[in-house]
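Hydrogens, waters and symmetry mates are skipped; everything else that's a heavy atom, side chains included, is used.
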There are 2 protein chains.
Amino acid sequence: MGNNKDQNKLNVTDFAMVFEDLTRIIIRMPSIEKLSFTTLSVLHTLSRKSPMRLTELTANEQVTQSGITQLVTRLERDGLVERRPDPNDGRVVQVHITERGANVIDSRRSERIEQLSKFIEGLTPEDKLAIASAIPALRRLAELGNDS
Amino acid sequence: MGNNKDQNKLNVTDFAMVFEDLTRIIIRMPSIEKLSFTTLSVLHTLSRKSPMRLTELTANEQVTQSGITQLVTRLERDGLVERRPDPNDGRVVQVHITERGANVIDSRRSERIEQLSKFIEGLTPEDKLAIASAIPALRRLAELGNDS
DNA sequence: AAATTTATATTAGTAATTTATATAAATTTA
DNA sequence: TAAATTTATATAAATTACTAATATAAATTT
């Protein structure tokens, strides 16, 4: 159990475990902007796709609709997102990420990439190659996860 | 930028981005137990190393010492951890994860693994092999991150 | 057009978290 | 060794984030 000697088979548990560890390392990286987990999650979602309706955000995040409304209000107050009406449907609110909001995500990402780069420097060329070779497969895995 | 055609080089940005996506997919997985992010993070930390002092936990998590004290109090109330004194130092409190606490983490992990397995089924054998081949390297990367 | 559904907002209550301060044990120093 | 300092945790008060319940207003269905 948890042994990966036979590299012809992908042991999901092994993958999940190493993924967990890496996730935690990245989460623990100290960051300049002090924003809550949910706040960052919403911003991140919007950095990938903007605008989005409140309802869409509610479906994606693990908070109630009321929570999202309030969160977006806070984000708007801080100038990280903007609410705009939908010309085709008077009920909906489109949430747009602002340049400032996108910068928050980008700068955090840069920070993580810089940190990661330092760790990766410590790897052998073979290890680097192994990870590089897995990236397209990981990307497809992410796609499969998104479509589910 | 963000192009990974030359697979002999590991593009950290590409890796970070795909990692981000996978993280979010896993985080969004609906889970049975409704526990906050911080709560789960502390439990997870303890599932890897128990006992730990409050101070150690404070250093690892992104909350204040006061926050950890109160969080541990809640976890203890719910029977997920136990406080025990340190015989060698009357000031310290050792936080032990209970069987029940470990079960919370384990069952969530199983859930994630099951979900991941389904996604992975959708990959080609080549992709599976590529990911499997990268696991030892990812593990060493995690070690480098832990030692930093 | 009346009833229903959909999308968002508001209100009130609760839970989680921070800041500041307190306590108590261990260590250092004069 | 007693006093001062540091270290480890706890408590109190205030703030922030969140949920549940309800309201409002636009769109859709009957």
Of all heavy-atom pairs between [X] and [Y], which one has the smallest distance, and what is that distance?
X        : Y        : value
B/Lys49  : B/Glu56  : NZ-OE2, 2.6 Å
B/Ile26  : B/Arg112 : CG2-CD, 3.0 Å
B/Thr38  : B/Leu71  : CG2-CD2, 3.8 Å
B/Leu46  : B/Val95  : CD2-O, 3.6 Å
B/Pro136 : B/Ala132 : CD-O, 3.6 Å
B/Leu123 : B/Ile131 : CD1-CD1, 3.8 Å

Please state how far atom [atom1] in [X] lies from atom [atom2] in [N], giving the value in whole angstrom units.
X       : N      : atom1 : atom2 : answer
A/Asp78 : D/dA17 : CG    : C1'   : 13 Å
B/Asn60 : D/dA8  : CG    : P     : 14 Å
B/Glu61 : D/dT9  : CD    : P     : 15 Å
A/Leu40 : D/dA17 : CG    : C1'   : 14 Å
A/Leu71 : C/dA16 : CG    : C1'   : 16 Å
B/Leu54 : D/dT11 : CG    : P     : 12 Å
B/Gln65 : C/dT23 : CD    : C1'   : 12 Å
B/Arg77 : D/dA10 : CZ    : C1'   : 17 Å

Tell me yes or no: between the side chains of [X] and [Y], is some donor less than 3.5 Å from an acceptor?
X       : Y        : answer
B/Thr13 : A/Arg109 : no
A/Arg53 : A/Thr58  : no
B/Ser41 : B/Glu61  : yes

Assign each of A/Ser36 and B/Gly67 the nucleotide of DNA chain D bearing its closest heavy atom; nearer the 5' end lies the nucleotide of B/Gly67
Does the side chain of [X] get closer than 4.0 angstrom to OP1 or OP2 of [N] through an N or O atom?
X       : N      : value
A/Thr38 : D/dC18 : yes
B/Arg83 : D/dT9  : no
A/Thr69 : C/dA9  : yes
B/Arg53 : D/dA8  : yes
B/Thr64 : C/dT18 : yes

Output a table of nitrogen or oxygen pairs between the protein and nucleotides 12-16 of chain D separated by less than 3.5 Å.
{"from": "D/dA12", "atom 1": "N6", "to": "B/Ser66", "atom 2": "OG", "distance (Å)": "3.3"}

Output field dot_bracket for DNA chain D (Watson-Crick or G-U, both distances under 3.5 Å, | for other-strand pairs) contains ||||||||||||||||||||||||||||||
Interatomic distance, CD1@B/Ile68 vs CD@B/Gln62, rounded to 0.5 Å, equals 10.0 Å
Decide side chain to side chain contact (heavy atoms under 4.5 Å, CB included) for A/Phe119 and A/Ile25; before the verdict, give the C-alpha distance in whole Å, the side-chain angles of both, and the deciding distance to 0.1 Å.
-> CA-CA 11 Å; A/Phe119 302 152; A/Ile25 287 163; 3.9 Å; yes
Within residues 84-94 of chain A, those residues having any heavy atom closer than 4.0 Å to DNA chain D are A/Asp89, A/Gly90, A/Arg91
* Asked: Would B/Arg100 and B/Asp78 pass as an ion pair if we require N to O under 4.0 Å?
  -> no
From the candidates C/dT18, C/dA9, D/dA10, the one with an atom nearest any side-chain atom of B/Val63 is C/dT18
